[in-house]
Amino acid sequence: MAAKPNQDEAFVTEITKQSIDFSKWYLDVVRKAELADYSPVKGFMVIRPYGYAIWEQIQQQLDQRFKATGHVNAYFPLLIPESLLLKEAQHVEGFAPQVAYVTHGGGEELEEKLVIRPTSETIFGVMYQKWIQSWRDLPVLINQWANVVRWEKVTRPFLRTTEFLWQEGHTAHETAEEAQEETLKILAIYKEFCENVLAMPVVDGQKSDSEKFAGASKTYSIEALMGDGRALQAGTSHNLGQNFAKAFEIQFQGRDKTLQHAWTTSWGVSTRLIGGVIMTHGDDSGLILPPAVAPYQVVIVPIPRGTWKETVLPKCEEIAAQLKAAGIRVKLDADESQTPGWKFSEYEMRGVPLRLEIGPKDIEKSSVFAARRDTRVKASIPMEGLTDAITALLADIQKSLLERARTFREEHTSNADSYDALKAAMEGRPGFVIAPWCEEAQCEADIKAETQATIRNIPFGYEQAPDKPCIKCGKPAKVSAWFAKAY
RNA sequence: CGGGGCGUGGCUCAGUCUGGUAGAGCGCUCGGUUCGGGACCGAGAGGUCGAAGGUUCGAAUCCUUUCGCCCCGACCA
């Protein structure tokens, strides 16, 4: 594709420009691309078919990865007796303010209130206690795709909603080492998935104590950088140690005949990933979807002219069938009530990676006219070998989206060696700042209060910060932490 | 939860200050001509003004309460 990109042409005018108001831009995209809509209940959104199709892609491709690493799916119930939630001290404290209760059923007040799961460690704990007796029963590697409810004060579609869809894996192991290995194995899967499928580069690392999951020994996260320079926690993996095993008496008889508590983990990613994709790749014309998660990777727009129904349309159908046979998700839009120009804008807004325009001129030349969403580059492609050309083009779009996002992140990541530098970096369009930290919660809290930046995580490979003073207090630093303003 | 802004056909908004019985553009429906970057002409449908209560002869407009959405902050695995 040799033609030059023309980024300046604003064909889509219904969306607030990112530079004017990024939040508004985001909400416009969600609404105009028909990803989601508000429901009658505050904080709850309807995920519309187009948005849900993206979620289905995420589900499918993550699920494959879980299965390939020995995990199985199951379904645990929505309602949990309040008493269960109270069993793990840290856990209750963390979740109590966000829990929704069911107090009545069958026209009567319930004897024990039920909580709508904010996460399912507790019910998994109860069941694992029943199912696990021997070291031979381990490991248990169960995942579930479910909805959870966490009462939130401020909500935004996909990024933070009261109810959201996610997967939560819950595993139990014989040794601490195995549990740690599992925790990191999943984190690696999340990272690989985000980069290769969502084209969203992430920083993987460990959470500080104050940002840890309520009840976990260690929490790891992957963090992505959004287009406005703020970080998004895209997934978490927790090593729960024996905390939940002790609270729920998940015990097994070991190889040495002694009774031991199991070592458990939990991990999840949610529909928030969709928000991440929107804010990682989107531009002023709307959504840009990586081909790997796009509900339609290719949209074919026939140009209706003269005898197009006898000439152009059959060719379009033929090409659509040919692409489908090659495993490409393709939509042919032959709707006569909209003009081609309208369709171009519409599919751009919806982020379809590649558009094919086919009209009489193309039929004559035995070629199709293709337009990439990511670079806006347009070019003719010969019909001969079209499927291969399109497969290659989609692969290139996938790759260049990741590269573009990586470059953006690198351009918005800096090292700070003084507190003033950190503060300065948090102004305007912030980004990640790598800075030495003493691991004292007080410094972390002070930094947050003064700059709004939080420690996103302590990336692997950055654990050592030799000879450097803590960015805040000046005492010897123990780690290099990645700071950012976060969603 | 605190501060601010906003709720009027599907969407964006005017009308509210100075009460007099609801308007525009886009979209939608029908017919026709079009169609290579959000087409054009003609004819139509559609709202009781977020909700409840109050003041008044009369309320989108004034008063009270309430719900929702957005922004900033607090809070948030």
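All values below were derived from every heavy atom in this structure, side-chain atoms included, with hydrogens, water molecules and symmetry-related copies excluded. Convention: sequence-line order gives letters A, B, ...; per-chain numbering from 1.
- Checked by distance alone, K378(A) brings a side-chain donor or acceptor within 3.5 Å of a matching partner on the base of G37(B).
- With Q144(A) contributing its side chain and F76(A) its backbone, the two residues share a donor-acceptor pair below 3.5 Å.
- A donor-acceptor pair under 3.5 Å links the side-chain atoms of S39(A) to the main chain of F44(A), judged by distance alone.
- In this structure, G73(B) and C1(B) make a Watson-Crick or G-U wobble pair, each of the two defining distances being under 3.5 angstrom.
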Grab the N/O contacts between the protein and nucleotides 67-71 of chain B below 3.5 Å, and write none if there aren't any.
residue : atom : partner : partner atom : Å
C69(B)  : OP1  : G43(A)  : N            : 3.4
C69(B)  : OP2  : K42(A)  : NZ           : 3.2
C69(B)  : O3'  : Y38(A)  : OH           : 3.4
C70(B)  : OP1  : Y38(A)  : OH           : 2.6
C71(B)  : OP1  : R156(A) : NH2          : 3.2

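- For the contact set between residues 212-235 of chain A and RNA chain B, defined by any heavy atom under 4.0 Å, the members are K212(A), F213(A), A214(A), Q233(A).
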Pairs: protein N or O with nucleotides 28-32 of chain B N or O, under 3.5 Å:
none

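- Residue contacts shown for Q452(A) are limited to sugar-phosphate atoms, with no base heavy atom under 4.0 Å away.
- Under the ring-ring contact (aromatic ring centres under 6.0 Å, His included) criterion, F369(A) pairs with no residue at all, not counting sequence neighbours.
- Comparing the C1' positions of C11(B) and C28(B) gives an interatomic distance of 11 Å, to the nearest angstrom.
- Nearest nucleotide to the E357(A) side chain, out of G38(B), C35(B), G36(B): G36(B).
- Counting only distance, with no hydrogens or angles, the side chain of K207(A) and the backbone of R456(A) share a donor-acceptor pair below 3.5 Å.
- Of the C1' atoms belonging to A22(B) and G15(B), the separation is 8 Å, rounded to the nearest Å.
- For residues 179-190 of chain A, the side-chain hydrogen bond (donor to acceptor under 3.5 Å, both in side chains) pairs, not counting sequence neighbours, are H71(A)-E182(A), Q167(A)-Y190(A), Q180(A)-Y220(A), Q180(A)-N239(A).
- Enclosure of atom CD in E249(A) is not indicated, since only 12 or fewer non-hydrogen atoms of other residues, nucleotides or ligands lie within 6.0 angstrom.
- If you check G37(B), G36(B), C76(B) against the side chain of P340(A), the one that comes closest is G36(B).
- When only modelled atom types and interatomic distance are considered, K212(A) and Q90(A) share no side-chain donor-acceptor pair under 3.5 Å.
- Less than 4.0 Å separates RNA chain B from at least one heavy atom of each of the following residues of residues 82-101 of chain A: F95(A), Q98(A).
- Paired with W55(A) under the rule ring pair (Phe, Tyr, Trp, His ring centres under 6.0 Å), one option of Y50(A), W166(A), F164(A), W145(A) passes, and it is W145(A).
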